[in-house]
Amino acid sequence: MAHIDLKNDLPGIRGLMAYSPDTEKPLNMLAEILLHSDDNTLSRGDREMIGAYVSSLNDCFFCQNVHGALAQHYFQCDMPFIDNIKRDPIAAQISDKLKALLAIAGSVQKGGKYVTPEQITQAKKVGATDKEIHDTVLIAAAFCMFNRYVDGLGTWAPQDRQIYVERAKIRAEEGYTNMNLQRVVPGELPEKG
Amino acid sequence: MPHIELNNDLPGIRGLMAFSPDTAEPLGVFTEIILRSNIGLTPVERELIGTYVSYLNDCFYCHNSHAEIACYYLGGDKELVDQVRKNPETANISNKLKALLRIAGQAQKGGKYVTAEAVAKAKQEGATDKDIHDTVLITAAFCMFNRYVDGLGAITPSDLSTYPLRAKQVAEKGYGNHIFKSPQPTAAK
């Protein structure tokens with residue numbers, strides 16, 4: 001149960017966004033630019049994967065499943081493929097560039113000062129641009145916010161991971177700024193006792 | 001030196017915002033709401049939460065920037081700001097703010113560190129649901145800002161006398177794009 005009365009049953013950050021519409025707008029605008037906009041040389045899948053990876057490091061069930069499912073949707077892969085990246089990005093079947101960016105994201109999750117010049121050099125060596133490194137750091141930092149927002153207020157999260165896979169199609173299509181907070185898929189609201 | 005070529009020499013997050021104006025826009029709007037709203041928590045309380053979290057995250061630029069903004073609102077009471085950053089429990093602040101800073105300290109570690117007891121205590125001291133929501137969101141936001149600034153190795157002025165100038169600018173004009181688009185404040189003015 002959430003730490004505060006959200007006056008709605010929506011899961012995860014959607015419950016917080018319905019509770020606080022003023023902050024919802026810029027937060028979703030940020031998410032749209034970072035994760036969904038096509039005006040970016042990193043693919044949507046890569047950017048969602050960075051978010052999912054950081055969320056898994058922060059142990060945020062809701063966020064890692066939402067964004068893991070989005071990465072799965074864009075990569076057109078299965079759930080174990082995403083889970084393997086989260087567990088061990090170095091061993092995963094992904095590009096060297098994404099590996100290098102995930103290494104930077106993993107350092108950012110610990111704290112800004114954990115990012116090393118060697119990690120930056122490696123990312124550049126495998127083709128990452130300054131803007132891509134910037135976006136990786138900001139995505140990782142933003143998820144350190146979103147994860148704390150979601151878990152720090154004790155929001156509710158559906159436990160059936162397939163629900164997130166179903167929702168990912170809706171999010172990919174709607175994006176973040178056109179989010180219809182009230183649109184739910186089966187199993188997404190808590191059962192009334 | 002920043003990890004990437006920012007093409008500007010602006011300090012801290014200002015240089016990052018100038019590098020990436022698309023993301024600067026929502027970040028500025030968001031910051032204005034969470035730190036300058038007068039509903040529930042006051043702007044001073046909001047800045048003190050941001051200062052404390054930035055201090056815990058060891059972000060020199062953010063913690064000194066927001067300490068100076070809080071100090072400006074407090075009419076120059078640097079002593080109080082220092083008390084809060086170093087140990088909120090013994091600082092000369094309300095029990096409600098102490099309880100909220102305890103929640104902030106927990107959320108800084110991670111969302112799951114926030115305890116039901118800390119929330120109950122804050123409510124007992126008079127914090128509303130919105131106060132608690134805002135405390136967690138401000139804390140979470142600084143866990144982003146601090147990582148953004150230090151994760152890219154943003155330019156961090158070591159001269160502490162420059163911080164009050166920027167603080168005055170923010171306190172008077174608020175957050176938003178002007179902090180990187182308009183000329184940086186200088187002591188000569």
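Hydrogens, waters and symmetry mates play no part in the numbers below; they use all other heavy atoms, side chains included. Everything quoted here is computed from the prediction, not taken from an experiment. Residue numbering restarts at 1 for every chain, and letters A, B, ... go by the order of the sequence lines.
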Would a hydrophobic clustering, with Ile, Leu, Val, Met, Phe, Trp and Tyr connected at side-chain separations under 4.5 Å, put [X] with [Y]?
| X | Y | result |
| --- | --- | --- |
| A:Val165 | A:Ile163 | no |
| A:Phe62 | A:Met79 | no |
| B:Leu160 | B:Val84 | yes |
| B:Ile4 | A:Leu98 | yes |
| A:Val66 | A:Val185 | no |

Can you name the residues of [range] that have some heavy atom under 4.5 Å away from a heavy atom in chain A?
| range | result |
| --- | --- |
| residues 108-119 of chain B | B:Gln108, B:Lys109, B:Gly110, B:Gly111, B:Lys112, B:Val114, B:Thr115, B:Ala116, B:Val119 |
| residues 46-74 of chain B | B:Asp58 |
| residues 11-31 of chain B | B:Leu16, B:Phe19, B:Ser20, B:Asp22, B:Thr23, B:Pro26, B:Leu27, B:Val29, B:Phe30 |

Which bit of [X] comes within less than 4.5 Å of chain B, counting heavy atoms only: side chain, backbone, both or neither?
| X | value |
| --- | --- |
| A:Leu27 | side chain |
| A:Lys110 | backbone |
| A:Gln119 | neither |
| A:Asn28 | neither |
| A:Leu6 | neither |
| A:Asn58 | neither |

Counting heavy-atom pairs under 4.5 Å with chain B, which one of [options] comes out on top?
| options | result |
| --- | --- |
| A:Asp22, A:Asp59, A:Thr121 | A:Asp59 |
| A:Asp39, A:Ile120, A:Val150 | A:Ile120 |
| A:Tyr19, A:Tyr149, A:Tyr114 | A:Tyr149 |

Checking B:Asp129 side chain against A:Ile4 main chain: does a donor-acceptor pair fall under 3.5 Å?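 No.
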Can a donor-acceptor pair be found, under 3.5 Å and without considering hydrogens, that links the side chain of A:Arg148 to the backbone of B:Val136?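 Between the backbone of B:Val136 and the side chain of A:Arg148 there is no qualifying donor-acceptor contact (under 3.5 Å).
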Count the heavy atoms of every other residue, nucleotide or ligand shown that sit under 6.0 Å from [atom1] of [X], and state whether that count exceeds 12.
| X | atom1 | answer |
| --- | --- | --- |
| A:Gln76 | CD | no |
| A:Gln93 | CD | no |
| A:Asp78 | CG | yes |
| B:Ile39 | CD1 | no |

Find the one option among B:Pro2, B:Ala107, B:Ala120 whose heavy-atom pairs under 4.5 Å with chain A are most numerous.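 Going by pairs under 4.5 Å, I would pick B:Ala107.
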With rounding to the nearest 0.5 Å, note down the distance linking [atom1] in [X] to [atom2] in [Y].
| X | Y | atom1 | atom2 | answer |
| --- | --- | --- | --- | --- |
| B:His3 | A:Ile104 | NE2 | CD1 | 8.5 Å |
| B:Leu137 | A:Leu153 | CG | CG | 8.0 Å |
| B:Asp150 | A:Ser107 | CG | OG | 13.0 Å |

Segment of B:Leu152 engaging chain A (4.5 angstrom heavy-atom cut-off):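 Its backbone and side chain both get close to chain A.
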Interchain contact, B:Ile132 with chain A, by part (heavy-atom threshold 4.5 Å):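 Contact with chain A involves both backbone and side-chain atoms of B:Ile132.
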Please list, in residue-number order, every residue in residues 126-147 of chain A that has a heavy atom less than 4.5 Å from any heavy atom of chain B; write 'none' if there are none.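 Hits under 4.5 Å: A:Asp130, A:Lys131, A:Ile133, A:His134, A:Val137, A:Leu138, A:Ala141, A:Ala142, A:Cys144, A:Met145.
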